Colleague: 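I have a structure here, written as structure tokens, and I will follow up with some questions on it.
Values reported hereafter were calculated over all heavy atoms of this structure, with side chains retained and with hydrogens, waters and symmetry mates removed. Position 1 is the first residue of the sequence; numbering continues from there. For ligands, and for the atoms within them, numbers begin at 1 and follow the listed sequence. Small disclaimer: the values here were computed from a predicted structure and weren't measured.
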Amino acid sequence: MAHEETAKSSVGAKLVIRNIGTLLSGDLQQPVLDADTVVAKDGRISAIGREKELDTAGATCVIDANSTTLLPGLIDSHVHPVAGDWTPRQNQLGWIDSCLHGGVTTMISAGEVHTPGRPKDVLGLKAMAITAQRAFAALRPSGVKVLAGAPVIEHGMVEEDFRLLAEAGVRLLGEVGLGSVKDGPTARQMVAWARKHGMQSTIHTGGPSIPGSSLIDKDVVMAADADVIGHINGGHTALPDAQIRALCEESSRALEIVHNGNERAALFTLRTAWELKQLRRVILGTDSPAGSGVQPLGILRVIAALSSVGEVPAEIAFCFATGNTARMRNLDCGLIEVGRAADFVLMDAPEHSAGRVVLESVRLGDLPGIGMVIIDGEVRSERSRNTPPATRLPKITK
Ligand SMILES: [Zn+2]
């Protein structure tokens, strides 16, 4: 388990990835780019194009993609971290490292709710949120960017609490509805205070995940108006179809589909969003660690399910976990675009897939084989220990 400091200086680093077979942008408007080379300087994308047209001299690292597919690092929009790479939820160590091997380079906390003895008084919850934000900013497990510090709102919080949290660097609210604030209007007030101070919120949608929490139905979700309709396909228990449809139609907030949910409701959400021309609102999470465990390949599995059974082209499904999430959450990664963080996944069709190329494999429901994951321009893992083996592998040639 590799624990390391962040803010490691990448000044002077120049990464060239050449011989890319297919370049996926993460952008729904143009999911496939006509280019074979990406250059990154100091951990950020500096050029995209044809190798012969780019300045590739002076590279400190050169990768031959070997005609494989490059896409932005995957973003898991819904996780519950606790401390470093440990989770007490399934007594597991190294779960974030395992997700790196599933192509995830950024994780967003929906609340550090599994922390043993988690404080529920206002002072205690603020202290814990600031601690989580600080701890994961200072230490990235295996290089994965974990955006943490997501307090669960409780009765008694006032605007000053949100102002103080924001000033301390807390940018998220944990799942609304998991704390003592259950009614929509009170939640709405707190969500609005959070938003006013630059914090983004997610609401727990559907049936309870733990005994003692209650049903968050469509009316509560609408009344609270959080930025992300968290696990709209239930975590685990989904709302009835008519309520999911109403949320797609009446709200403009993000529609988050999670692995740890109801697969049928996930497909219903996808089809409804598609019909309403609202695919840009679809973002993906795992909700791990959860009762159903840690799912290192959870994001890939949702992409493969939505593409194969949901019948969306694979290059579109990959946008749900990259560009869509980045835009919805104002992140500097998630798209192959000059200036963005150099977070990449290189993948290929898995060995012996019925699909000839990776996009066709995913469309047929197979998981891709990951050959390399790069974060901030630095190679963090090579051939994945978790995906099926990739047919072709990229190589570091310098
Ligand atoms: Zn959750």
Side-chain angles (χ1 to χ4, degrees), residues 74-83 86-90 92 95-96 99 104 106-116 118 120 125 128-129 132-133 136 146-154 170-182 187 191 194 199-217 220-221 224 226-239 244 247 253-263 265-266 269 282-296 298-299 301-302 320-321 325 328-329:
L74 303 175
I75 305 166
D76 186 336
S77 174
H78 193 129
V79 297
H80 294 288
V82 166
W86 167 68
T87 171
R89 188 71 171 89
Q90 302 297 345
Q92 197 164 336
W95 70 281
I96 295 173
C99 294
V104 173
T106 297
M107 293 179 159
I108 298 165
S109 175
E112 295 78 36
V113 296
H114 303 315
T115 304
R118 171 168 66 95
K120 294 181 181 165
L125 74 87
M128 197 185 89
Q133 186 277 328
F136 281 101
V146 182
L147 310 182
V152 173
I153 55 172
E154 302 283 353
V170 173
R171 291 282 171 267
L172 299 162
L173 277 196
E175 279 177 83
V176 173
L178 291 184
S180 58
V181 178
K182 305 274 189 228
V191 162
M199 299 164 73
Q200 203 176 49
S201 56
T202 295
I203 190 160
H204 173 99
T205 310
S209 53
I210 41 174
S213 52
S214 50
L215 171 70
I216 309 288
D217 67 8
V220 179
V221 173
D227 299 283
V228 176
I229 303 174
H231 47 63
I232 189 167
N233 62 318
H236 307 267
T237 310
L239 296 176
I244 293 176
L247 288 171
R253 301 300 182 185
L255 306 169
E256 185 191 73
I257 292 174
V258 298
H259 184 267
N260 177 40
N262 175 321
E263 289 87 348
T269 304
V282 176
I283 64 176
L284 307 184
T286 54
D287 200 7
S288 62
S292 61
V294 167
Q295 302 103 22
I299 295 291
R301 286 173 52 82
V302 180
F320 301 155
T325 319
M328 191 62 72
R329 292 185 170 281

Colleague: Could you check whether any side-chain N or O of N233 sits under 3.5 Å from a backbone N or O of E263, counting only pairs where one atom can act as donor and the other as acceptor?
Modeller: no
Colleague: If you count every heavy atom of other residues, nucleotides or ligands that lies below 6.0 Å from E154 atom CD, does the total exceed 12?
Modeller: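 Yes, CD of E154 has more than 12 neighbouring heavy atoms, counting only those of other groups under 6.0 Å.
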Colleague: Mind telling me whether H80 and H114 have parallel, tilted or perpendicular rings, with 30° and 60° as the class edges?
Modeller: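 It falls in the perpendicular class, over 60°.
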Colleague: Check which protein N, O or S atoms are less than 2.8 Å from the Zn ion (ligand 1) and report how many there are.
Modeller: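 Under the 2.8 Å cut-off, the count stands at 4.
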Colleague: Could you tell me which residues satisfy side-chain hydrogen bond (donor to acceptor under 3.5 Å, both in side chains) with T286, sequence neighbours excluded, listed by chain and number?
Modeller: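 side-chain hydrogen bond (donor to acceptor under 3.5 Å, both in side chains) list for T286, sorted by chain: D76, S288.
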Colleague: Does the side chain of C99 reach to within under 4.5 Å of the side chain of M107, using non-hydrogen atoms?
Modeller: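 C99 vs M107: side chains touch.
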Colleague: State whether the side chain of S201 and the backbone N or O of E175 hold a donor-acceptor pair below 3.5 Å, judged by distance alone.
Modeller: no
